[in-house]
Amino acid sequence: MPEKLPRAFYLQDTVTVARALLGCVLWRRTGRELLAARIVETEAYLGANDAASHARRGLRSDRNQSMYLEGGHAYVYLSYGMHWCMNVVCQEADIAEAVLLRAAIPVQGIEAMRERRPKAKNDYELMNGPGKVCAALGIDKSCDGEPLDGDSLFLTGRDIEVREQEIAVSKRIGVENSGDAAHWPLRFFLLGNRYVSAYRHVR
DNA sequence: TTATTGATTGACT
DNA sequence: GTCAATCAATAAA
């Protein structure tokens with residue numbers, strides 16, 4: 001079992017964390033199952049000054065309060081009233097920056113993932129979207145605010161090499177109505193990787 | 001108080 | 001390409 005990422009990892013610049021998370025592995029234990037997924041797509045959300053963030057203008061609510069935790073915790077919220085999405089919280093407490101996990105490759109427990117994602121017709125559809133990552137791994141409200149070095153939810157470092165030139169950058173998805181922030185280059189993914197979301201647009 | 005809007009997904013034309 | 005599902009947060013009234 002690789003080492004869990006240390007707390008200091010999450011206190012780096014949030015864009016640095018978003019890039020560094022590519023290739024890292026997210027682990028989820030539910031009962032006797034231990035599931036693992038390699039992250040291949042992330043998006044950075046930069047707190048109060050980011051119009052696309054749930055914490056824009058310093059907004060606080062029951063939903064987003066875990067964004068204000070110290071780096072190294074999970075922020076899990078319900079998207080469109082239906083789908084859970086998971087963020088990795090960054091920065092010190094009260095700085096609401098986070099990285100959305102948008103896509104991953106199955107590493108362990110793929111059969112359990114297929115059961116949780118019956119609509120996936122092939123392996124690259126299991127977790128090629130933020131709601132699908134949470135569905136496949138059984139991540140829901142119970143994970144919100146949880147530390148990322150615990151027993152049921154944790155992250156370990158890269159188990160593959162990732163060169164800087166393999167990291168592609170684009171604007172974020174689904175935030176068109178956020179003014180200038182809609183165009184900020186804060187989405188990061190592995191170039192040409194079949195498991196990323198919206199693959200057809202960036203092949 | 002009511003209306004609008006999503007950090008999405010999947011079904012359908 | 002279009003659109004509905006479904007609900008919490010926010011904006012508007």
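In what follows, every chain begins at residue 1, and chains take the letters A, B, ... in the order their sequences are listed.
In this structure, the side chain of A/Asp144 engages the main chain of A/Val76 through a donor-acceptor pair within 3.5 Å. Using modelled atom types, one side-chain atom of A/Gln91 and one backbone atom of A/Gln12 make a donor-acceptor pair closer than 3.5 Å.
Within residues 40-59 of chain A, the residues that have a heavy atom under 4.0 Å from DNA chain C are, in order of number, A/Arg57, A/Leu59. Near DNA chain C, meaning a heavy atom under 4.0 Å from it, residues 73-86 of chain A has A/Tyr80, A/Gly81, A/Met82 in order of number. Of all the residues in residues 116-132 of chain A, A/Arg117, A/Lys119, A/Gly129, A/Pro130, A/Gly131, A/Lys132 reach under 4.0 Å from DNA chain B with at least one non-hydrogen atom. Applying a 4.0 Å cut-off to non-hydrogen atoms, the residues of residues 91-104 of chain A that approach DNA chain B are A/Leu100, A/Arg102, listed by residue number.
Between A/Lys171 and A/Glu176 there is a salt bridge, since a side-chain N of the basic residue sits under 4.0 Å from a carboxylate O of the acidic one. Between A/Asp50 and A/Arg56, none of the side-chain N atoms (NZ, or NE/NH1/NH2) sits under 4.0 Å from a carboxylate O, so this pair counts as no salt bridge. Ion pairing between a basic and an acidic side chain is recognised when a charged N comes within 4.0 Å of a carboxylate O; A/Arg117 and A/Glu125 show no such pairing. Ion pair A/Arg172/A/Glu43 not flagged as a salt bridge, since none of the NZ, NE, NH1 or NH2 atoms sits closer than 4.0 Å to an Asp/Glu carboxylate oxygen. Using a 4.0 Å cut-off between a side-chain N of Lys or Arg and a carboxylate O of Asp or Glu, A/Glu33 and A/Arg116 qualify as a salt bridge.
Spacing of P atoms, C/dA4 relative to B/dT4, comes out at 15 Å, to the nearest Å. Taking atom C1' in both B/dA7 and C/dG1, one finds a spacing of 23 Å when rounded to whole Å. Taking atom P in both C/dC3 and B/dT5, one finds a spacing of 16 Å when rounded to whole Å.
The cationic group of A/Arg7 does not satisfy the cation-pi geometry with A/Tyr10, failing either the under 6.0 Å distance to the six-membered ring centre or the 45° limit from the ring axis. Cation-pi geometry between A/Arg29 and A/Phe154 is not met at under 6.0 angstrom from the ring centre and within 45 degrees of the axis. Geometric assessment of A/Arg60 against the ring of A/Tyr68 yields a positive cation-pi assignment under the 6.0 Å and 45° thresholds.
Remark: the A/Tyr75 side chain and the A/His54 side chain contain an N/O donor-acceptor pair separated by less than 3.5 Å. In the model, A/Arg63 has no side-chain atom that pairs as donor or acceptor with a side-chain atom of A/Tyr77 under 3.5 Å. In the model, A/Trp27 has a side-chain atom that pairs as donor or acceptor with a side-chain atom of A/Thr156 under 3.5 Å.
Atom-to-atom distance recorded for A/Arg38:CZ and A/Gln108:CD is 12.0 Å, nearest 0.5 angstrom. Expressed to the nearest 0.5 Å, how far CH2 of A/Trp84 lies from NZ of A/Lys141 amounts to 6.0 Å.
Counting any heavy atom pair closer than 4.0 Å across all strands shown, A/Asn87 reaches a base atom. Across all strands shown, A/Arg63 has heavy atoms under 4.0 Å from sugar-phosphate atoms exclusively, and none from any base.
Contacts between chain A and DNA chain B, taken as any atom within less than 4.0 angstrom of a protein heavy atom, begin and end at B/dG6 to B/dA11.
Residue-environment remark: CG (A/Asp151) stays at or below the threshold of 12 foreign heavy atoms within 6.0 Å. Surrounding NZ of A/Lys121 are at most 12 heavy atoms belonging to other residues, nucleotides or ligands under 6.0 Å away. No more than 12 heavy-atom neighbours from other residues, nucleotides or ligands sit within 6.0 angstrom of CD on A/Glu92.
One atom, NZ of A/Lys141, and another, C1' of C/dC7, lie 13 Å apart when rounded to the nearest Å.
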(request) Treat a base pair as Watson-Crick or G-U wobble with both distances under 3.5 Å, then lay out DNA chain B in dot-bracket form, 5' to 3', with | for cross-strand pairs. (result) ||||||.|||||.
